[in-house]
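As structure tokens, the structure follows; a few thoughts come after it.
Just so it is clear, the values below take in all heavy atoms, side chains as well, and ignore hydrogens, waters and symmetry mates. Each ligand, and each atom within it, is numbered from 1 in the order the structure gives. Just so it is clear, the structure is predicted and the values come from calculations on it, not from any experiment.
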Amino acid sequence: MTDQSRMMEASLPSSAYLDDAAYALDKATIFEREWFCAGREEDVPEAGDHVILNVAGESILVVRDRAGALHAHYNVCRHRGARLCDAQNDARWGVTLDAGVVARNMIRCPYHGWSYGLDGRLLAAPHLQEEPGFDKGAYGLHKAGVATWGGFLFLNLTPDAAPSFEDGLRDPARRLGNYPLHALKTGPTISYDIAANWKVMLENYNECYHCPGVHPELCEVVPEFRKNGGIHLDWEAGIPHRDGAVTYTRSGTTTRSPFPGLTAEEQVRHKGELIYPNLMLSVSMDHAAAFILWPQGPGRTRIDCRFLFHPDEMTKPEFDPSDAVDFWDLVNRQDWAVCERVQSGMAARVHDHGYYSPMEDYSLDIRRYVADRHGR
Ligand code: FES
Ligand SMILES: [Fe+2]
């Protein structure tokens, strides 16, 4: 018998994908510590706009202030902890409370009327202002970190101990430097509810060993995926399509123009980035598919797949994104189907871990990323 440990690396233990305790560790060491993608800047386009995001169980209020700056706050009042924005709950009880972002310039708690500026400063606390020694400066909203890159919105739940935002994005920013990501706008979005751990989808995204069997249509457009799990491909330069194909659609072609600023090679190739921990970004010459993962529990993940296009194309009367969207939706459903099989199969009592073949070298990075942080 040969020494298999030299041939193949062990995956994370199955418990890392299945157990509540492992999920709690993912939350504590990754989602509550790292910068993670939470949408696009265009979700809060104007001064006074806001959005509420549920991030690994935490409710976060993102607002744009009058000067155009973004702020992120925990959606909780400093007084007795009431949710500041929760119209859904009011609707459940059939009541209308004067609360949340009021008049686009103030955040108001409905309970005892404390009000905050969009930047989180406490502006007023009824009757308390007259109390001697009451210092409004001590009761600002709890902050989350907020940053943007390429039009994407990122949050950090522990801003005082956050790693460098720029360092984490340096390599993807260089590789995608010619793509006008910041200018792109979201066309259709498809939200998928997948019965699998978030790490299963990351590992699946990072290898093409599965492509010949799972994605026959994709392999028609990128025949190189049939060879050796695509491990020989230079993702930095972009992967080549078959002759005559330039993008991820069923035909490999489209009527949309290439993004401005691309090199001749980028106009006929495809690039993919995994921006840890939760943004999978696939970029063609005419569109991008941005997959934002929202872990819901050890065995459940929502993925918002946002299709991004150049606004010049979107305003054309003949604009029709369906060639890209339909093709991606097919490829995505193929992926989610196998990911769910992995999640259910891993629960077998005899399966304590799997293996990464040499063709899954990039998936091994996920084990390293997770293990590093769990050990922190
Ligand atoms: S809990 Fe918000 S004002 Fe009292
Ligand atoms: Fe796939």
Please determine, by modelled atom types, if T186 and E42 share a side-chain donor-acceptor pair under 3.5 angstrom. yes
Using the six-membered ring wherever Trp is involved, compare the ring planes of F259 and H310 and label them parallel, tilted or perpendicular (cut-offs 30° and 60°). tilted
Can you find a heavy atom in the side chain of W328 that is under 4.5 Å from one in the side chain of I190? no
Is the closest side-chain donor-acceptor distance between D26 and H374 under 3.5 Å? yes
On the 0 to 90° scale, with breaks at 30° and 60°, tag the Y248-H270 ring pair as parallel, tilted or perpendicular. parallel
With under 30° as parallel and over 60° as perpendicular, where do the rings of H112 and H79 fit, or are they tilted in between? perpendicular
Does CD belonging to E130 count more than 12 external heavy atoms closer than 6.0 Å? yes
Could you tally the protein N/O/S atoms lying less than 2.8 Å away from atom 4 (Fe) of ligand 1? 2
Just by distance, with hydrogens left out, do D304 and S191 show a side-chain donor and acceptor under 3.5 Å apart? yes
What protein N/O/S atoms are found closer than 2.8 Å to the Fe ion (ligand 2)? H210 NE2, H215 NE2, D335 OD1, D335 OD2
How about Y356 and D365: does a side-chain donor come under 3.5 Å of a side-chain acceptor? no
